Amino acid sequence: MKIATYNVNGINGRLPVLLRWLAQSQPDIVCLQELKAPQEKFPDKPIRDLGYDAIWQGQKSWNGVAILSRVGQIHETRRGLPGDPDDSHSRYIEAAVNGILIGGLYLPNGNPKPGPKFDYKLRWFDRLIAHAGELLATGQPVMLAGDFNVMPTDLDVYKPERWLDDALFAPEARAAYFRLLEQGWTDALRTLHPDEAIYTFWDYFRNAFARNAGLRIDHLLLSPPLAERLVDAQVDVAVRGWEKSSDHAPVWIELADATTSARRAAPRRRVTPVRA
DNA sequence: ATGCCTAATGCAATTAGA
């Protein structure tokens, strides 16, 4: 089973790119972020025409998250993180699909730092960690996938020294990411590629993609029962080069069937996350 | 320190992204 996350940066402006990628990459389940569309403007008809069921939480102009599936019903379990009834941003949607509980998230950017936006990012992160701990404690197959707006280590930034004061690379943001990981989550991409500089985002500015001046900020985190099934994890880098592309590229993982031993299918390396 | 680019809103210029 192939599960992907993709920050589309405007689902209507990006629709041809999204549909082309879905048809080509054929993911079974997809988490989308930054729909930038109100609830009623989600293009569910062309997505259904490609064979995908969908749930989404839209918002006018900003944010917005969705989960797509072509492998069985999407049983929604919540939209919005607990812990702040005044949080009006559409940044979290969660559902059980094909035996996996999936939390699709768009963590706040947090710039400029310091300021109220950075404070909101850290508070949101705390709420995510609290909720993630409860999900992990169930012992069930759980995945958190989306745009975390955090580069965990120097290896995840093309030029780390330039990003030290940025909300995406601030020590507080990285510390929060590792507090989350240390609950017992596996960072799928980094676990299968422990030493590679891998990016999922390239700025529209300054020809960043051509220079490979990128960041790794889109992550797929797996609970232990899913981590055992991890056989592959990749970024569809080429999609970033398509005309009218998002500034993010899709990221995906391949999971062995629940009944199949991943160890037999493809032994995976275990790595301990390096602290920032 | 700022613009560089792009989308949404709504029709000019602002906000937000990362």
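Each chain gets a letter, A, B and so on, in the order the sequences are listed, and its residues count up from 1. Quick note: numbers below take in every heavy atom, side chains included, and nothing from hydrogens, waters or symmetry partners. Since this is a predicted model, take the numbers as computed values, not measurements.
With DNA chain B read from its 5' end, the first of the two nearest nucleotides for Ser245(A) and Phe201(A) is the one closest to Ser245(A). When the nearest nucleotides of DNA chain B are assigned to Pro108(A) and Gln59(A) by heavy-atom distance, the more 5′-ward of the two goes with Gln59(A).
Closest to the Ile217(A) side chain, of the nucleotides dA18(B), dG17(B), dA8(B), is dA18(B). When distances run from any side-chain atom of Arg14(A) to the nucleotides dT6(B), dA18(B), dT9(B), the shortest one goes to dT6(B). Relative to the side chain of Pro38(A), the nucleotides dT15(B), dA18(B), dT9(B) differ in distance, and dT9(B) lies closest.
One interatomic measurement links the two molecules: CG of Asp147(A) to C1' of dG17(B), which rounds to 10 Å at whole-angstrom precision. Taking atom CD on Glu243(A) and atom C1' on dT6(B), their separation rounds to 14 Å, with Å as the unit. Taking atom CD on Glu40(A) and atom P on dA8(B), their separation rounds to 14 Å, with Å as the unit. Taking atom NZ on Lys36(A) and atom C1' on dA18(B), their separation rounds to 11 Å, with Å as the unit. In this structure, Lys60(A) places its NZ atom 15 Å from P of dT15(B), rounding to the nearest Å. The distance between atom NE2 of His89(A) and atom P of dG17(B), rounded to the nearest whole Å, is 8 Å. Rounded to an integer number of Å, the gap from Leu168(A) CG to dA16(B) C1' is 13 Å. The distance between atom OH of Tyr204(A) and atom C1' of dA7(B), rounded to the nearest whole Å, is 8 Å.
A close approach under 4.0 Å does occur between a side-chain nitrogen or oxygen of Lys117(A) and OP1 or OP2 of dG17(B). Between His248(A) and dG17(B), a side-chain N or O to OP1/OP2 separation shorter than 4.0 Å is absent. OP1 or OP2 of dA18(B) sits under 4.0 Å from a side-chain N or O of Tyr106(A). One finds no side-chain N or O of Lys41(A) lying less than 4.0 angstrom from the OP1 or OP2 phosphate oxygen of dA8(B).
There is no side-chain donor-acceptor pair under 3.5 Å between His248(A) and Asn9(A). No hydrogens or angles considered: a donor-acceptor pair under 3.5 Å links the side chains of Asp236(A) and Ser25(A). In summary, the side chains of Ser223(A) and Gln140(A) do not present any donor paired with an acceptor at a separation below 3.5 Å, with no hydrogens or angles considered.
One C1' atom belongs to dC11(B), the other to dA1(B), and the distance between them is 31 Å to the nearest Å. Only the C1' atoms considered, dC4(B) is 25 Å distant from dG10(B), to the nearest whole Å.
Heavy atoms of Lys113(A) sit nowhere under 4.0 angstrom from any nucleic acid atom. Counting non-hydrogen atoms under 4.0 angstrom, Asn149(A) reaches the backbone sugars and phosphates but no base. Here Asn7(A) lies in heavy-atom contact (under 4.0 Å) with sugar-phosphate atoms only.
Below the 3.5 angstrom threshold, one finds a donor paired with an acceptor across the side chain of Asn109(A) and the base of dA18(B).
A salt bridge does not link Arg240(A) with Asp247(A): none of the charged nitrogens is closer than 4.0 Å to a carboxylate oxygen.
Aromatic rings from Tyr120(A) and His89(A) are positioned such that their centres are separated by under 6.0 Å.
Between atom CG of residue Leu81(A) and atom CD1 of residue Ile93(A) there is a gap of 12.0 Å, rounded to the nearest 0.5 Å.
Remark: the backbone N or O of Arg216(A) is not paired with any side-chain donor or acceptor of Thr200(A) at under 3.5 angstrom.
A cation-pi geometry, defined here as NZ or CZ lying under 6.0 Å from the six-membered ring centre and within 45° of its normal, holds between Arg174(A) and Phe169(A).
Of the residues in residues 16-24 of chain A, not one places a heavy atom less than 4.0 Å from an atom of DNA chain B.
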